[in-house]
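Here is the structure we will look at.
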Amino acid sequence: MTNLASSYNPDVLSCIANLSNDEVFTPPEVANAMLDMLPQELFSDPNTTFLDPATKSGVFLREIAKRLIAGLEDKIPDLQERLDHIFHKQLYGIAITELTSLLSRRSLYCSKYPNSVYSVSTFDDVQGNVRFKNIMHRWKDGKCVYCGVNKTEGTYERDGLEEHAYEFIHNTCPKEIFDMKFDVIIGNPPYQLSTGQGQSQAMPIYHKFIEQAIKLNPRYLIMITPSRWFTGGMGLDSFRRKMLDDKHMKKIVDYSMSTDCFPGVDIAGGVNYFLWDRSYDGDCEYTYIDNGTSTTLTRQLNEYSVLVRNNKSLNIIRKAMSLNEDSISSLMSSLGPFGLGTAERGSKSVRNGYKLLSSEGYSYIEKNKVSTGTEYIDKWKVIIGKATSAGAATASKADGKRKVIATLSLLEPNAVCTFSYFVGGAFESKDEAINCEAYFATKFVRFLLLQTLSSINISKDRFQFVPIQDFSRKWTDDELYSKYKLSDDEIDLIESMIKPMDLTGDDDDV
């Protein structure tokens with residue numbers, strides 16, 4: 001007979017498969033690490049109230065309940081009385097779908113229906129304190145006035161199916177949902193909504209849950225989200241600036257690889273969770289976890305316009321900017337420098353046209369198809385691929401290093417490129433272009449670029465920490481390390497993170 005006491009009995013909430021990268025279930029161990037950031041006396045106070053505004057599995061509410069059951073034992077000795085008090089007076093949730101409302105109630109009350117005989121605490125209705133309300137998007141000029149998603153036919157107006165119009169953020173007055181104040185708001189909100197243009201163009205939505213929660217003015221706010229907001233983009237620039245300037249941000253724990261936090265879930269740029277403390281006013285305790293190594297530093301989040309994630313990188317960036325040189329981004333074009341889409345392939349038979357570089361190699365294109373970037377056409381051009389190598393932040397399995405820039409090459413005069421590339425610099429002299437290309441290939445430059453990346457795309461603003469050089473000469477890493485007075489430890493950090501880049505195209509990106 002099987003010995004049940006010694007057999008493997010995993011937590012069911014650790015075993016639930018995630019629906020997608022949009023809706024990621026939180027493992028119990030991560031939920032508890034987030035709860036550990038709070039003052040633990042909250043769990044011994046019968047008046048503390050908790051809200052999960054985007055509950056999916058109910059893991060946060062369940063783990064809070066466990067702590068309250070233990071913490072209130074002296075104040076409310078009778079177990080059933082204690083359970084009734086906790087579930088009726090302290091724990092509240094707003095589910096993101098009808099299915100997750102049932103799952104959350106099952107996790108919290110041990111029954112999908114808290115008015116049933118199976119519930120550990122009996123309510124008068126089928127929802128208890130975990131509510132779900134089927135909300136509709138409110139359209140104006142083709143967009144939802146609350147979440148901003150486009151009105152795409154068949155995506156968010158589907159009879160009998162989920163509309164993904166989440167109640168917490170589709171509400172001008174969220175405090176009226178439960179008509180009460182909360183001491184702690186905690187959760188793992190949905191990350192994005194489809195725009196109908198593929199995963200890379202999905203619209204972030206998690207920041208709207210954070211902004212709405214802050215409006216409720218809780219004592220503490222804890223949420224786990226993608227780390228892409230650290231560098232902005234896709235509507236996140238204003239949000240990023242507010243968060244980096246907010247002195248209530250007390251702690252951040254940042255994972256460069258999401259799989260270290262959510263096993264089996266790959267989220268480009270990693271994930272983080274943070275503690276916002278209403279009564280705190282100071283610098284943030286920031287912990288960065290990368291490739292098995294953790295560093296913690298108390299720092300100003302708004303030192304730069306983007307949040308530099310690697311604590312060890314800060315001093316290198318400061319030294320790189322210490323000579324007050326212009327950024328090399330001043331030489332660069334915007335994305336799509338010649339107005340040619342990524343699908344443009346040109347032709348092999350065009351005469352008297354421009355040479356065209358696309359992701360499939362070289363061809364030719366009629367001159368009248370090139371609408372912009374004429375100032376670059378007759379020059380030697382350094383071309384950089386807009387997509388990074390392996391998401392940039394992902395270390396190679398072989399040696400833990402990154403390539404960062406996937407494509408780097410020269411374009412001769414009268415040659416152009418598609419939207420897959422942008423111009424890193426344009427020169428009258430071929431030698432200057434060669435020297436500039438070699439500079440982009442240095443580990444020093446790619447390390448500085450890496451500090452601004454949290455998605456697969458590169459643009460000129462991501463080079464803000466890279467100083468411009470005199471390209472009448474060629475620069476090596478050793479010369480750059482010496483020029484900016486990097487210490488041996490700082491050099492070792494760059495060398496340990498960035499792999500060599502062979503401009504012949506023979507380097508191996510494992």
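No hydrogens, no waters, no symmetry mates; every other heavy atom, side chains included, goes into these values. We count residues from 1, following the sequence as given.
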- request: Work out which heavy atom in Phe168 is nearest to a heavy atom in Phe209; give both atom names and the distance.
  value: CE2-O, 3.5 Å
- request: Carefully, step by step, assess Phe440 and Phe463 under the rule ring pair (Phe, Tyr, Trp, His ring centres under 6.0 Å).
  value: CA-CA 10 Å; Phe440 280 117; Phe463 288 84; 5.6 Å; yes
task: Classify the side-chain pair Tyr191/Asn188 by whether it contains a donor and acceptor separated by less than 3.5 Å.
output: yes
- request: Report, as yes or no, whether the 6.0 Å neighbourhood of atom NZ on Lys247 holds more than 12 heavy atoms from other residues, nucleotides or ligands.
  value: yes
statement: Of all heavy-atom pairs linking Leu480 and Gln469, the shortest is CD2-NE2, 4.0 Å
- prompt: How long is the span from the NZ atom in Lys381 to the SG atom in Cys436, to the nearest 0.5 Å?
  reply: 13.0 Å
query: Any side-chain donor paired with an acceptor under 3.5 Å for Ser459 and Asp461?
result: yes
message: Within the 3.5 Å criterion, strictly below it, is a donor on Tyr286 or Asp254 matched to an acceptor on the partner's side chain?
response: yes
- prompt: Taking the six-membered ring of Phe43 as reference, does the NZ or CZ atom of Arg67 fall below 6.0 Å from its centre and within a 45° cone about the axis?
  reply: yes
- request: Name all residues meeting the ring pair (Phe, Tyr, Trp, His ring centres under 6.0 Å) criterion together with Tyr484; count only those two or more places apart in sequence or in a different chain, and write none if there are none.
  value: Phe444
- prompt: Looking only at atom types and distance, does a side-chain atom of Ser482 sit under 3.5 Å from a main-chain N or O of Asp478, one as donor and one as acceptor?
  reply: no
query: Does the side chain of Ile494 reach to within under 4.5 Å of the side chain of Ile316, using non-hydrogen atoms?
result: yes
message: Strictly by salt bridge (Lys or Arg N to Asp or Glu O under 4.0 Å), give each pair with a member in residues 292-306 just once, sequence neighbours left out.
response: Glu303-Arg318
message: According to side-chain hydrogen bond (donor to acceptor under 3.5 Å, both in side chains), who are the partners of Asp246, at least two apart in sequence or on a separate chain?
response: Trp276
- request: Measure across Ile458 and Gly385 and return the closest heavy-atom pair with its distance rounded to 0.1 Å.
  value: CD1-O, 4.0 Å
message: Under a 3.5 Å cutoff, is there a donor and acceptor pairing between the side chains of Ser313 and Gln451?
response: yes
task: Identify the two heavy atoms, one from Leu38 and one from Ile222, that lie closest to each other, and give their separation to 0.1 Å.
output: CG-CD1, 3.5 Å
statement: For residues 289-328, the ring-ring contact (aromatic ring centres under 6.0 Å, His included) pairs (sequence neighbours left out) are Tyr304-Phe465
- prompt: Do the ring planes of His164 and Tyr166 sit parallel (below 30°), tilted (30 to 60°) or perpendicular (above 60°)?
  reply: perpendicular
message: Is it true that Asn435 and Lys474 share a donor-acceptor pair across their side chains at a distance under 3.5 Å?
response: no
task: Flag yes if more than 12 heavy atoms outside Lys312 fall under 6.0 Å of its NZ atom; otherwise flag no.
output: no
field: From Lys386 atom NZ to Leu335 atom CG, the distance as rounded to the nearest 0.5 Å
entry: 7.0 Å
- prompt: Which residues pass the salt bridge (charged side-chain N to carboxylate O under 4.0 Å, His left out) test with Lys443, sequence neighbours left out?
  reply: Glu495
task: Check step by step if side-chain contact (heavy atoms from CB on, under 4.5 Å) holds for Ser305 and Arg241.
output: CA-CA 7 Å; Ser305 62; Arg241 175 47 51 202; 3.9 Å; yes
task: Could you tell me whether the side chains of Thr97 and Thr100 share a donor-acceptor contact shorter than 3.5 Å?
output: yes
message: Check for me whether the distance between the ring centres of Tyr220 and Tyr280 falls short of 6.0 Å.
response: no
message: Centre-to-centre under 6.0 Å for Phe50 and Tyr92, is that the case here?
response: no
field: Closest heavy-atom pair and its distance - Gly270, Arg309
entry: CA-NH2, 4.1 Å
message: I need the minimum non-hydrogen distance between Leu108 and Leu91, along with the two atoms involved.
response: CD1-CD1, 3.8 Å
message: Filter on side-chain hydrogen bond (donor to acceptor under 3.5 Å, both in side chains), then keep only pairs touching residues 43-53, sequence neighbours left out; what's left?
response: Thr49-Asp183
message: With no hydrogens and no angle check, just 3.5 Å: does a side-chain donor-acceptor pair link Ser279 and Asp277?
response: yes
